[in-house]
Amino acid sequence: MNYDFREIEAKWQKYWAENETFKASNDSEKPKFYALSMFPYPSGAGLHVGHPLGYIATDIYSRYKRHKGFNVLHPMGYDSFGLPAEQYAIQTGQHPAITTENNINRYREQLDQLGFSFDWSREVRTSNPQYYKWTQWVFIQLFNAWYNKKSDKAENISSLISIFEKEGNANVEAVCDDDTPTFDAAAWNGFSEKEKQEIVLKYRLTYLADTEVNWCPALGTVLANDEIVNGVSERGGHPVVRKKMTQWSMRITAYAQRLLDGLDKIDWPQPLKDSQTNWIGRSVGASVTFNVLDAERSRSDQDGISTPLNHPYQIEVFTTRPDTIFGVSFMTLAPEHELVAKITTPEQKAEVDAYVEATAKRSERDRMADVKTISGAFTGAYAEHPFTKEPIPIWIGDYVLASYGTGAVMAVPCGDQRDYDFAKHYHIDIPNIFEGVDISEEAFADKENTVIAKSDFLNGLPYKKAMKKIITELEKIGHGEGKVNYRLRDAVFSRQRYWGEPFPVYYVDGMPQMIDVEHLPLQLPEVEKYLPTETGEPPLGNATEWAWDTDKNEVVSNNLIDHKTIFPLELNTMPGWAGSSQYFNRYMDPRNDDAIFSPEAINYWQDVDLYIGGSEHATGHLLYSRFWQKFMFDMGYVPKDEFAKKLINQGMITGTSAFVYRLGKKLTLREINNSDSSKKREDGRDNINLRNQMIQDTKEFEDSIVKDFEISKTVFIPSFQGEIMKLTPFETSYRLQNKLLQYLNDEDKSKVLNKECFIDISFEPVHVDVSLVNASDELDVEGFKQWQPEYKDAEFILEDGKYIVSREVEKMSKSKYNVVNPDAICEEYGADSLRLYEMFLGPLEQSKPWNTAGITGVHSFLKKLWKLYSPFIDSDAERSRSVTESEPTAENLKTLHKTIKKVEEDIENFSFNTSVSTFMICVNELTAQKCTSKAILEPLAILVSPYAPHIAEELWSRLGHSKSIAEAPFPKFEEKHLVESSKEYPISFNGKMRFKLELPLDMNKDEIEAAVMAHEKTLAQLEGRTPKKVIVVPGKIVNIVG
RNA sequence: GCCGAAGUGGUGGAAUUGGUAGACACGAUGGAUUCAAAAUCCAUUGCUCACAAGGCUUGCGGGUUCGAUUCCCGCCUUCGGUACCA
């Protein structure tokens, strides 16, 4: 009987579902084990081959733990709010809830095919109102909390208010907004209700604040960095600017230190911890205040006339090197800094304004990445050095980011390379305040070897002493203090989107009010359009039924808003990470309508024992979840302040993206005035020389614009067999010249044909869905046009009647349209083959491009495995019974126990690829040994079962068992079967292995050396030389030197 | 730019503490079986030198060591993250 995987897999999937084999109980005698895979976003592209990689690993571990006697919780759900469903809704008008439901059904089908041991009774969906009710609930808890630095934890806001009532806020040590005023009890009690609310909002763990966003005026919406390419929107290529908007923020910075400290307690990969550590970015230094000199005074100073001091403004900076304060020769503000507009002198205004505007167009990442271009502008204003009282010019520069520190730096060019480069570029003084250091070429940033000079009271001090001294001095003169700064910023929690959790918030007199918990969930309203409103409000602004009636406690029509009992509701929605920040706890008690989870459930499961997911979540989901968990811990809802003990990052399965190239709308006709190159062009043969010539001549063409003209159509240019990115832009233009003639008028055309002009172009790569491309990289042009409405009338310039895309290995993602589904593989080879193959591909943590080439190998392994059990499968022979009951041979036992040992070690080390090899070796050996012993084959089935559960169940039942293999105890390894008496020693000469020699293992060092030295092959190798040294490592190796 | 990971045959990868580099597969080549094909089985397969013997070989260049894929220093390339993709 052949291995019929289709029948076997369907049979056992049905069996598991019907018998609820993997349903976890919240009450068990067994020890608990919580194994979790990061839940997927159900994209329209379906589950791709990268998803199961981590799921299979978690599943193997879960099944292994069941064999080891644990009560295993292994749930699955969907992170089902998100941008793609909304984009799809915008494009098609289809409600995201419907798309999402369809996508989930598709995912479920695909997941079911793969034979995971999920407890589906616990499924959660973040977009389900019964689920997001609790996301809203957490939000309210955060709103009703403040962070008390004295107790170093979050507390209920009522404790803060009662302090205010008794004594004001002078003695309160809390994490709060920078602009929080100080007041006493009398003042507090005198505040109006609204003023009180405004003050308290500055303390709440979730609060309203003005934050910068990427605003795209043309689309009327905020864009993710991801949606911006080269400074313009990915969709449509519209300009994007940085803009301030009032949004909800989460005071994650309150937890900066605890998030850092907590990393020591958890077994997470070091690189992931590193990235969280860097993200939090703790640095120790000082905050220093510089007074801005009055403009009049600074000007008159230059004339040598002194006028009275006046300090209308102050600049606060954070520096990690206050010891270098005497090296300050200028200050740099971020162009967005609020003082820029106030201090800029009239003479400098035009330059500064232009620079500020230019900066607004650059993304933050761009500004950080680009260290080569130095740019800035002088404000005309001066600050006063707190010690020397010298005037210091104040510049603005985009290398200073508004969001980091105070958005201002005291520039010490001799000690900081960026300051140094800036100073060099603008010919600003670079005073050297280090003893015995040459700074003519570069800045000196070595703290350890620092000796301060030319710095008044700091002269001669090393770094550490100078730090201490300067902080004392700063404090003495009231110009600063020692400070710990974190790079971590409060997390923006508002999104101007439709498809997300609505905030349980309505506004009374502009102040946010929480809806009572008992009235949750506040459900998403229906809208006509999913786009922002014409006035630029978020999509929820389109809802007509979106007001809160405080009497009836329900959502009512906007028309009824009277600001007395009926108020407008919040129009923003929550971000993607809201729903994923407590889902792991919700799984413990997912159907509970009265609480996010019961105390019994959380106290039983405690935390996640093993969490598997991608490292790309390092500073998003994994940091925010730790933050919420700590908050939940502070409030006494959860027993652990870290939600996952151990975390493994699965490597990404990368995809092979396909690109087409969209021609820029603007073409430029340029004059050819170089007689040499045009001559060469005429003969047309010397292309390489021509190209080189033209590249050299490019400068010459720069000024030779005859005219610009626009083409209204979307045109795609060939990839030149995928080589386009290797060509110079110039060369590409040249190759396309003839094809572009059709867009020219006759006069221009003849100029090009007469070689007087050529057409200069720009172009950009566009991702195309890999399903529209065949195996030879040829694009289905018609399919492409139908694929997205914007390409409906696109024109293609073909090569030999075909459009060949270019390929690149990238992250597999819906936005890159390079997703490959597991369905076809399941159909052809079965789930067990796919499971084994994904593991066999390589180490779990490593990323690798998807390639199905080797799948036949694991599939034929399963066939061999099946064949090994044929005495139990082919029932005809009664004689086979006697064979199968036979005692296993020593050889059989050796093979089995070698396998048990290796597989157990591999699973514990998450080295699943090597156990697949081990199974192959085991089956090859047992087949060669003609093993038919039940005593061997029974434990082998259990070993295989976590990896290939369907075939293992089938074999198990054929072996005569009536119950599932799922809880069969894992075979016990016995060392005695592996004991060897001799070892085949590799004999090396100067480190190179020359021959092998079998020797008893109980020989000691000297005996081994004697045996080896006496051997004829040794003598032959030595050719009469006497070895200088003989290294003998018993049980390992012999190395003869000389 | 910064932070992180990876680089081993034609391909995926193995080598668990510094001790036989290339396990196990894929592919390729030859053969068996077959009317034929599929499937299956057997053999060969890092490169180089026409055999052998030998030489070379873990991204590149150095170093430590009796011995380095493994440790150290300096580079190169690819991939991931970089705060609104999830």
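Residue numbers start from 1 in every chain, and the chains themselves are labelled A, B, ... in the order their sequence lines are given, proteins ahead of strands.
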Considering every strand and a 4.0 Å limit on heavy-atom distances, what is the contact class for [X]: base, sugar-phosphate, or nothing?
{"X": "A/Arg487", "answer": "base"}
{"X": "A/Trp279", "answer": "base"}
{"X": "A/Gly576", "answer": "nothing"}
{"X": "A/Phe861", "answer": "nothing"}
{"X": "A/Thr856", "answer": "sugar-phosphate"}
{"X": "A/Lys273", "answer": "nothing"}
{"X": "A/Leu488", "answer": "base"}
{"X": "A/Gln496", "answer": "base"}
{"X": "A/Glu905", "answer": "base"}
{"X": "A/Asn649", "answer": "nothing"}
{"X": "A/Val858", "answer": "nothing"}
{"X": "A/His617", "answer": "base"}
{"X": "A/Asp906", "answer": "nothing"}
{"X": "A/Pro40", "answer": "nothing"}

Sequence neighbours excluded, which residues qualify as side chain to side chain contact (heavy atoms under 4.5 Å, CB included) partners of A/Ser625?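 A/Ser625 satisfies side chain to side chain contact (heavy atoms under 4.5 Å, CB included) with A/Ser581, A/Phe584, A/His621, A/Phe643 only.
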
Proximity to the side chain of A/Asn913 - top-ranked nucleotide from B/U20, B/A83, B/A14: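 Shortest atom-to-atom distance from the side chain points to B/A14.
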
Which nucleotide in B/U40, B/G19, B/A14 has an atom nearest any side-chain atom of A/Lys1036: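 That would be B/G19.
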
Side chains of A/Tyr41 and A/Asn103: any donor to acceptor distance under 3.5 Å?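 Not at all, the side chains of A/Asn103 and A/Tyr41 share no donor-acceptor pair under 3.5 Å.
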
Counting only side-chain nitrogens and oxygens, does A/Lys848 get under 4.0 Å of the OP1 or OP2 atom of B/G13?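 Answer is no, no contact under 4.0 Å.
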
OP1 or OP2 of B/C24 versus the side-chain N and O atoms of A/Asn924: is any pair under 4.0 Å?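 So the side chain of A/Asn924 is outside the cut-off, no N or O lying under 4.0 Å from OP1 or OP2 of B/C24.
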
Counting only distance, no hydrogens or angles, is the base of B/C84 paired donor-acceptor with the side chain of A/Gln247 under 3.5 Å?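 Answer is yes: a donor-acceptor pair is held.
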
Can a donor-acceptor pair under 3.5 Å be found between the side-chain atoms of A/Lys867 and the base atoms of B/U40?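 No.
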
A/Trp268 CH2 to A/Lys273 NZ distance, which is reported to the nearest 0.5 Å: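 Taking CH2 in A/Trp268 and NZ in A/Lys273, the distance rounds to 9.5 Å.
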
Drop me the distance from A/Ile921's CD1 to A/Leu926's CG, to the nearest 0.5 angstrom.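 The CD1 atom of A/Ile921 sits 12.0 Å away from the CG atom of A/Leu926.
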
Would you mind reading off the distance between [X] atom [atom1] and [N] atom [atom2], rounded to a whole angstrom?
{"X": "A/Phe919", "N": "B/C24", "atom1": "CZ", "atom2": "P", "answer": "17 Å"}
{"X": "A/Gln276", "N": "B/U82", "atom1": "CD", "atom2": "P", "answer": "13 Å"}
{"X": "A/His48", "N": "B/C85", "atom1": "NE2", "atom2": "C1'", "answer": "12 Å"}
{"X": "A/Gln846", "N": "B/G4", "atom1": "CD", "atom2": "P", "answer": "18 Å"}
{"X": "A/Lys864", "N": "B/C26", "atom1": "NZ", "atom2": "P", "answer": "7 Å"}
{"X": "A/Met920", "N": "B/G12", "atom1": "CE", "atom2": "C1'", "answer": "11 Å"}

Is the closest basic N to carboxylate O distance between A/Glu1009 and A/Lys1005 below 4.0 Å?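 Not counted as a salt bridge, because no side-chain N and carboxylate O are separated by less than 4.0 Å.
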
Checking the side chain of A/Asp416 only, and the main-chain atoms of A/Arg418 only, is there a donor and an acceptor separated by less than 3.5 Å?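 A pair under 3.5 Å: yes.
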
Polar atom pairs between nucleotides 66-69 of chain B and protein, under 3.5 Å, N or O only, would you list them?
| from | atom 1 | to | atom 2 | distance (Å) |
| --- | --- | --- | --- | --- |
| B/C66 | O2' | A/Asn1039 | ND2 | 3.3 |
| B/C66 | O2 | A/Asn1039 | ND2 | 2.7 |

Taking syn as within 90° of 0 and anti otherwise, name the glycosidic form of B/G10.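 Base orientation relative to the sugar is anti.
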
Intra- and inter-strand pairs of RNA chain B in dot-bracket (Watson-Crick or G-U wobble, both distances under 3.5 Å; | for another strand): (((((((..(((......[....)))((((((.......))))))(((.....)))..(((((..]....))))))))))))....

